[in-house]
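Below is one structure; the comments refer to it alone.
This chain uses plain numbering: 1 for the first residue, then up along the sequence. We use all heavy atoms of the structure for the numbers below, so side chains are in, but hydrogens, waters and symmetry mates are not.
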Amino acid sequence: MAFQAQPNPAEGFSFWRDALAWRGSITPRLAPRIVLFGLYASAVAFAHRFLKWPGVDDAYLGYTAGALAVLLVLRTNTGYERWWEARKLWGGIVNQSRNLAIKALAYGPDDDNWKGNVVRWAAAFCHAARQGLRAERNIVDFERVFQNVEDAKFVIEGHHLASTVASRLAVLLDQARREFNMDGFSFMEIDRERALLIDHIGGCERILKTPLPRVHSIKLRRFILFYLLSIPFAIGSPSFWVAPVATMLIAYPLLAIDQIGYELENPFSATRASHLPLNVICQTIEGDLMALLSKPGALGQARSSARGPLL
């Protein structure tokens, strides 16, 4: 008998839940601007009605609407590309953090103190990366990971948090080579994961420090402003309320698309809508790596079987 998926009753309400959502949307940020354009349209409608002022031909607005649509699409696509690239980079940080810890436990020296230090410093990297991208310096995350104040202060006092953590990982790998005689292959495998972590945070900083060219934002928003200021002049209706309502209905999608591009431009900032859930990602990395330390017996068994004879 073929398996049939049971319908989820909540899926039928997903459209209405998203369409009427207030939290997480950009509508609250747009409301003052939309109301302002509505008041402006009301003043123009007053001039149309009481001053007997004829409207202008709406054909002129039709010519400019196509160019405005192209600019808005470019703005949104550029913002989404930045958001998606940042998400892929943080996916790499997740993978490299796990790989570094697993390889260190499997290939590194049989020293519990060394293993614990490597895993904890690997778990601290994500917090250092997140705080660096958000211009934060919170020692609480590092105190929880290291379980001591000295290492936490060492990271917080560093000039570049992620580089400070990566440099300590390099020192631990050098210690394994000098004091524990770790073979060169294992050293290169673990150090490669450490280097990739720096590559990923470098990609994130490139996105952060290279926003959309300001000349594009100025031209696009000036274009939107002129377009919306022209809308009430082209609406010639005997009803006073038509021009304000129509102007606000047109302003809402135009301003929303522009605002979406702005929100996606910096996917790391917690103040932007739909920013990357970096706190959740870091909690996942920390939990996964700390779990590796909580089961040393299973790792030792896996290590012994991995170094056994090949059949």
Side-chain angles (χ1 to χ4, degrees), residues 15-51 53 55-84 86 134-135 207-208 210-276:
F15 171 81
W16 300 107
R17 182 179 64 248
D18 293 339
L20 303 177
W22 187 261
R23 177 178 297 180
S25 69
I26 59 174
T27 303
R29 308 184 186 189
L30 300 177
R33 280 174 272 175
I34 295 174
V35 172
L36 184 60
F37 279 109
L39 294 175
Y40 163 77
S42 299
V44 176
F46 177 85
H48 272 286
R49 183 172 182 178
F50 295 100
L51 301 180
W53 186 14
V56 299
D57 191 353
D58 57 0
Y60 299 106
L61 294 178
Y63 297 146
T64 59
L68 180 58
V70 171
L71 291 176
L72 287 172
V73 169
L74 176 62
R75 169 79 161 170
T76 306
N77 289 347
T78 303
Y80 182 75
E81 287 177 2
R82 294 166 60 87
W83 186 92
W84 182 239
R134 291 181 173 177
I207 295 175
L208 178 65
T210 312
L212 190 69
R214 182 163 174 76
V215 63
H216 182 274
S217 299
I218 292 175
K219 287 298 181 182
L220 174 59
R221 292 183 169 179
R222 187 174 295 169
F223 203 169
I224 293 175
L225 175 62
F226 290 160
Y227 186 81
L228 293 177
L229 291 179
S230 304
I231 288 293
F233 291 97
I235 301 177
S237 174
S239 299
F240 179 80
W241 57 271
V242 172
V245 173
T247 301
M248 289 190 291
L249 289 177
I250 296 173
Y252 179 67
L254 293 180
L255 296 176
I257 294 174
D258 172 70
Q259 187 68 24
I260 289 173
Y262 170 79
E263 300 295 337
L264 295 176
E265 189 175 4
N266 184 357
F268 311 111
S269 175
T271 62
R272 301 289 179 98
S274 297
H275 58 84
L276 291 178

message = Can you give me the closest heavy-atom contact between G38 and P244, atom names plus distance?
response = O-CB, 3.7 Å
key: Residue pairs fulfilling salt bridge (Lys or Arg N to Asp or Glu O under 4.0 Å) with at least one residue in residues 27-38, sequence neighbours excluded   = R29-E263
task = Flag the pair P267 / I207 as yes when at least one side-chain heavy-atom distance between them is below 4.5 Å, and no otherwise.
result = yes
request  = Might you confirm whether atom OH of Y40 has over 12 heavy atoms from other residues, nucleotides or ligands at distances under 6.0 Å?
outcome  = yes
note = Closest heavy-atom pair, I26 versus A256, reported as atoms and distance to 0.1 Å, is CD1-O, 3.4 Å
ask   = In Å and rounded to the nearest 0.5 Å, what is the NE2 to CG distance from H275 to L264?
value = 12.0 Å
query = How far apart are the closest heavy atoms of I231 and T247, and which atoms are they?
reply = CG2-OG1, 3.6 Å
ask   = What is the distance from atom CZ of F37 to atom CG of L254, rounded to the nearest 0.5 Å?
value = 9.5 Å
ask   = Is NZ or CZ of R221 both nearer than 6.0 Å to the six-membered ring centre of Y262 and within 45° of the ring axis?
value = yes
ask   = To the nearest 0.5 Å, how far apart are CG in L228 and CE in M248?
value = 12.0 Å
message = If you compare all heavy atoms of W83 against all heavy atoms of S274, which two are closest, and at what distance to 0.1 Å?
response = NE1-O, 2.9 Å
key: Residue pair R82 / T210, side-chain donor-acceptor N/O under 3.5 Å   = no
ask   = What's the spacing between D258 CG and L68 CG if we round to 0.5 Å?
value = 9.5 Å
key: Interatomic distance, I224 atom CD1 to I257 atom CD1 [nearest 0.5 angstrom]   = 8.5 Å
inquiry  = So, applying side chain to side chain contact (heavy atoms under 4.5 Å, CB included) with L220, which one of L74, L212, L71 is it?
reply    = L71
key: Point-to-point distance, once rounded to the nearest 0.5 Å, from CD of Q259 to OG1 of T27   = 10.5 Å
key: Side-chain heavy atoms of F223 within contact of K219, under 4.5 Å   = no
